[in-house]
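Taking it in order: structure first as structure tokens, then the write-up.
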Amino acid sequence: MIPNPLRDRRDRRIPRLAGPCVLVLFGVTGDLASKKLLPAIYDLANRGLLPPGFSLVGFARRNWEDEDFARITHDAVKAHARTPFREEVWQQLAEGIRFVPGEFADDGAFDNLALTVAELDAERGTGGNYAFYLSVPPDAFPVVVEQLKRSGLSSPPETESGRRPWRRVVIEKPFGHDLQSARELNAILDAVFPPESVFRIDHYLGKETVQNLLAMRFSNTLFEPIWNRGYVDHVQITMAEDIGIGGRAGYYDGIGAARDVIQNHLLQLLALTAMEEPLSFAAESLRAEKEKALSAVQIPADPAVYTARGQYSAGWQGGLPVRGFLEEDGIPPDSSTETYAAIRLTIDNRRWAGVPFYLRTGKRLPTRMTEIAVIFQRAPHLPFDATDTKELGQNALVIRVQPDEGVTLRFGSKVPGSAMEVRDVNMDFAYGESFTESSPEAYERLLLDVLIGDPPLFPRQEEVELSWQILDPIEDFWAKHDKPEQYPAGTPGPASADRMLARDGRAWRRL
Amino acid sequence: MLTDLTDTTTADIRAALAKTRDQMGGPATGVVLNLIIMTDESGQHDAVRAASQAGREHPCRVLAVIARDSRAASRLDAELRSGEGTPGQTVLLRLYGPMSEHADSVIFPLLVPDTPVVTWWHGLLPAVPSAQPLGLLAQRRITDAARAKAPTEALAALSAGYKPGDTDLSWTRATPWRSLLAATVDQEEHEIIAGVVSAEESNPTAELLTAWLSSKLRVGFSQTISGGPGITEVRLQTTAGAVVISRPDGRVATLTRPGQPDRHVALQRRDIADLLAEELRRLDPDEIYGESLACVAGIPATTG
């Protein structure tokens, strides 16, 4: 193909724009669709990033007409979109909204879907390009994928001009619940879609701060020289939630915090923090470095000491009395599912040998907060009186992922006054855009990447499998041992997690 | 927080800026830019408001220079704003008398060190932005030919005095059109042999868009005058027929291709804050603008 003369590498104003396409959304009645996906689609349209004729098809077990789905979308956009509501943008989006009712097992419904997208190609010029977003429970995967194959939706016919339209499929976590199920799930997808058409969404990777981690590490001279065992004492990666399991009991029971969060989000953050410099930011190079880092991860030899898990009990969270996990609706009173998990990992390579990476996540903790904290070693010698530096801690670089996105650098500074007294101070940077709650932004970015076909921010199957290889032995150990330790809601987690760090002479950062 | 300083000095303004910062516990963000706005009393309100809105994306110290009666005695009045719903600080500087000829001496001490400078002429249009003292120290110099009395001539003057780092908001206004056109050409399988841009009379954005299209596609483009608003249509003549993007109402565009259904896309005209935010996103020279501006002179005469 001849390159487009209007595209110029130096022209940085022209945004990346998807070509004509249809987005087919399975699971439109879910929370994620109404809070994130539908608003993100509108925001993309409002920013002028969707192609002319872009169409959205909803599929669900509801007796809806196109108008009903359009109204649901409208309400979701009004309630949750980041950009202002503009009638003309909405109108042109609404014109391309269709709804197909049906069960996943219903052949007729999928034939109807195939007909609907073909009509959109004819009416709106969507060019036969379809992205299927599977926002459905994992047990529905096989049947949906099989239906896409049976109805011919998964295999594009060649057009007259010789162009072959694309097919892409987007899946969300959980990518299985252990190595074996992840492989089975992948086998199902693999039988129908080639690996490069499968986009696994981890919305953390769409966040500005996470991408900024790469910019910070690899565009500066300041940090990379000390980003190793010579200077780093340890790394803490935290994802704390203040909410309980809410209405997710059915999904959460039997899965637990480690499978829900550590396997995907935290291990991805670990990989980005620990990896070597990629050759480029192309998907292949980035994934290769992440995989190397994950392959070098070692789990603790004694999981009894270096892992911890807990379950929140009734307590007070943020000034309100809340129920314990075992009293939540839909949770069996003898459930041994953990709502808090902490593990200590090490990375066996020259850069990180001996530097522990502490990962923790939990529900009903005091605050909602996700961060990567790189804690540096103390200065080898302090030419001060011991009393002068009593309040001097360790230097730290903290990447705040959410909710208050930014970077904090902690270092010692003299307290003004006639005495020499050094204590910790923080230097803080937040970029303007992060003033607003930006999680939908992550979905905007990721949806756009799917429609353009740009994969660097999506983990591939190898990374998923490596993550399960790390987690599976720990889950096996937990399954054979005691139930999780109770911790009162609104407190920073079980005592065993604190003991785990205390054993190393360290402590968790305050939540 | 608002602070009014009348008949003041830059040293006092600096002290007041430091004081408001301390009193507010230090602003929550670092300032990433100095934005100097050259304006007058009638334009300052809109310009500062746009800058504050753009400041949500790019926290900046806004220094608005408002020239007052040049026959009066030299005097400097300052109005400091911070924490008014936007990050960063805003200082309105009113310069009286001979001082207004030496605005740079007032601005220099007020710049945040180690931080890039952007100068924006709102309303006033210097012939050669980079020759102005406050243009010289800026990485980016933003003008707006559309606000000139004779926009087409203004564009020609900017073209003659162009230096890398110059940019014009009439070029910024072309971005949504350019991105839609680039996406349209991505999908085009036939050769483009000619084209027409229709817009209201003396529209500098249309001039720049035409120049960009003809120089990049290396085919002849002409312009026609329409009733507006802004640019109303771009027609690409291909070997298989005409590909047309028309936007009669300034809001929604229709893309027409031979043998394909019409497609609609929102293509609204943007307000000045949006334009400014786009300008502040990048601080290196916009070479494509420079090339397009250079081509403006070569466009065939406007026909009715």
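Just so you know, these numbers use all the heavy atoms, side chains as well, and skip hydrogens, waters and symmetry mates. By convention in this document, chain letters (A, B, ...) are assigned in the order of the sequence lines, proteins followed by strands, and residues within each chain are numbered from 1. Note that the structure is predicted; figures quoted are calculated from it, not measured.
The main-chain N or O of B/E287 is never found under 3.5 Å from a side-chain atom of A/R10 such that the two would form a donor-acceptor pair. Checking side-chain atoms of A/N4 against main-chain N and O of B/A182 turns up a donor-acceptor pair under 3.5 Å.
Only the side chain of B/E291 comes within contact range of chain A, with at least one heavy atom under 4.5 Å from a heavy atom of that chain. Using a 4.5 Å cut-off between heavy atoms, A/A18 makes no contact with chain B at all. If you measure heavy-atom distances from B/L181 to chain A, the contacts under 4.5 Å come from both the backbone and the side chain. Neither the backbone nor the side chain of B/W177 comes within contact range of chain A; no heavy atoms are under 4.5 Å apart. Interface remark: A/E88 contributes backbone and side-chain atoms alike to the contact with chain B (heavy atom separation under 4.5 Å). If you measure heavy-atom distances from B/T184 to chain A, you find no contacts under 4.5 Å at all.
Residue B/K19 qualifies as open at atom NZ: its count of foreign heavy atoms under 6.0 Å is 12 or below.
Contact residues of residues 237-262 of chain B toward chain A are B/R251, B/V252, B/L255, B/P261, B/D262 (heavy-atom distance under 4.5 Å).
Between A/R13 and B/E279 a salt bridge is recorded (basic side-chain N to carboxylate O distance below 4.0 Å). Note on B/R178 versus A/D11: salt bridge recorded, some NZ/NE/NH1/NH2 to OD/OE distance being below 4.0 Å.
In this structure, B/L217 and A/P5 approach most closely via the heavy-atom pair CD2-CG, 3.4 Å. The shortest heavy-atom contact between A/L17 and B/A183 is CD2-CB, 3.1 Å. Counting all heavy atoms, side chain and backbone alike, A/L50 lies closest to B/V265 at O-CG2, 4.2 Å. The two residues A/L6 and B/W212 come nearest to each other via the heavy atoms O-CZ2, 3.6 Å.
In terms of non-hydrogen atom pairs under 4.5 Å with chain B, the most contact-rich of A/R7, A/M427, A/Q91 is A/R7. Between chain B and the residues A/R16, A/R124, A/R12, A/E95, the largest count of heavy-atom pairs under 4.5 Å involves A/R12.
Between A/P20 and B/Q187 the shortest side-chain heavy-atom distance falls below 4.5 Å.
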